[in-house]
Amino acid sequence: MNTEWIRLEAHAKINLSLDVLRKREDGYHEVRMIMQSLGLCDEVWMRACPEDRISLSPYGGEACPGVPYDEKNLMYQAAALMKERFGIKEGVELQLLKRIPSAAGLAGGSADAAAVILGMNELFDIHAGFPLLSEVGLSVGADVPYCLMGGTALAEGIGERLTKLPPAPMCQVLLVKPEAGISTREVYESLRVNERPAEAHPDIDGVMSALQGKNFKKLAARMGNILELAALPMVPEIETIRKALLSMGAMAALMSGSGPTVFGLYTDADSRHQAAEAFREGSFRGLAKDVIETEFYRFTAL
Ligand code: ATP
């Protein structure tokens, strides 16, 4: 047992494309999504303690509004499941420095949970590989297995069936999140996917072949997120932000996950920064609650 503090990065993700294939009889939605890690990350600090308990507090003492610091936090659930699965008798102290906007479609909570799983694997010398850890991750949430893997990947099933893809061409990213919150469950339900025509579905295979060929233009042309159909009527700012990003030189702009964050892809950091300034204090001021400049992130956690 290692009682020193360790620090892990929990990276946000965007969906370069997202398709919902159908709603299954058991109520789950079957998806096909292209996932991409971002440089933007939370910091998870953790250390083992001899007592059998899990504690979670904000790093530096300042709580982040909207983030629960009790059993509702996915980090807490991940720690409890790791203890149970691997028979860990000792406890763990967790601290979270939050940078990823929450309930934003950026998988912040899932990334934090994945970091806890990897951290406990290390702190308690478990040496479990990806298949076992991803099983624990899936019991926390459908996006957690991907967060354990990171990089560019195709996620199928309910998000847990993963295939690594060639790394996407390096890209500058601007994240713009409107003030309004959005419920993932509501977006999926109001999509009524089983009634949508074939044309509503984005070309996921086209995006994969663009990635394979490192063809950025083709990638930008094929990207799509079927959940925009359901989210736009709930938060009209999504479309305004998307158009604003495109008018300011973004190669592509799309809602991430179930929203409401919209991302713009830029080839250079200067044009991305100019667009960011327009949302912060220029012509598009007031549209966004969070404006974050970041980039694609390549890593292999496992
Ligand atoms: P999506 O899965 O659509 O990408 P999201 O990942 O952006 O959604 P989260 O940041 O995970 O959404 O937060 C969703 C909700 O989960 C929050 O409103 C919060 O109440 C709760 N939550 C649980 N654990 C965490 C965490 N570690 N960080 C932030 N929110 C958390």
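Note that these values count all heavy atoms, side chains included, but never hydrogens, waters or copies made by symmetry. Counting starts at 1 for both ligands and their atoms, in listed order.
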Looking at CD of Q36 and SG of C171, how far apart are the two atoms once the value is rounded to the nearest 0.5 Å?
-> 8.0 Å
Assess the side chains of K218 and S209: does a donor N or O sit below 3.5 Å from an acceptor N or O?
-> yes
With the side chain counted from C-beta on, respond yes when H11 and D42 share a heavy-atom pair under 4.5 Å apart, and no when they do not.
-> no
Between S256 and ligand 1, which part of the residue brings a heavy atom under 4.0 Å of the ligand: side chain, backbone, both or neither?
-> neither
Of all the atoms in ligand 1, which lie at a distance below 4.0 Å from a heavy atom belonging to G105?
-> 1 (P), 3 (O), 4 (O), 5 (P), 7 (O), 8 (O)
Kindly say whether A107 contributes a backbone atom to a donor-acceptor pair with the side chain of D143 at under 3.5 angstrom?
-> no
Atom 30 (N) of ligand 1: nearest protein contact (heavy atom, Å) = S102 CB, 3.8 Å
Indicate yes or no: at least one non-hydrogen side-chain atom of K98 is less than 4.5 angstrom from one of D112.
-> yes
Any non-hydrogen protein atom below 4.0 Å of atom 19 (C) of ligand 1?
-> yes
N/O to N/O below 3.5 Å, does that happen between L96 and ligand 1?
-> no
Atom 16 (O) of ligand 1: any protein heavy atom closer than 4.0 Å = no
Atoms of ligand 1 under 4.0 Å from any heavy atom of T184, numbered from 1 in the order shown, are 3 (O)
Distance filter under 4.0 Å to D112 heavy atoms, resulting ligand 1 atoms = 26 (C), 27 (N), 28 (N)
Per-atom filter on ligand 1: closer than 4.0 angstrom to a heavy atom of S258 are 3 (O)
When you measure from atom 24 (N) of ligand 1 to every protein heavy atom, which one gives the shortest distance, and what is it?
-> L74 N, 3.0 Å
For atom 28 (N) of ligand 1, grab the closest protein heavy atom and report residue, atom and distance to one decimal in Å.
-> K98 NZ, 3.0 Å
Just by distance, do the side chain of S183 and the backbone of E186 share a donor-acceptor pair under 3.5 Å?
-> yes
Of all the heavy atoms in G257, does at least one lie under 4.0 Å from an atom in ligand 1?
-> no
Taking only heavy atoms of K72 into account, list the atoms of ligand 1 that are under 4.0 Å away from them.
-> 23 (C)
A107 heavy atoms within 4.0 Å reach ligand 1 at atoms 4 (O), 5 (P), 6 (O), 7 (O)
Please state which protein non-hydrogen atom is closest to atom 11 (O) of ligand 1 and give its distance, to 0.1 Å?
-> G109 N, 3.0 Å
Salt bridge E30-R32, side-chain N to carboxylate O under 4.0 Å = no
When you measure from atom 31 (C) of ligand 1 to every protein heavy atom, which one gives the shortest distance, and what is it?
-> P68 CD, 3.9 Å
Under 4.0 Å from one or more heavy atoms of G66, ligand 1 contributes atoms 19 (C), 20 (O)
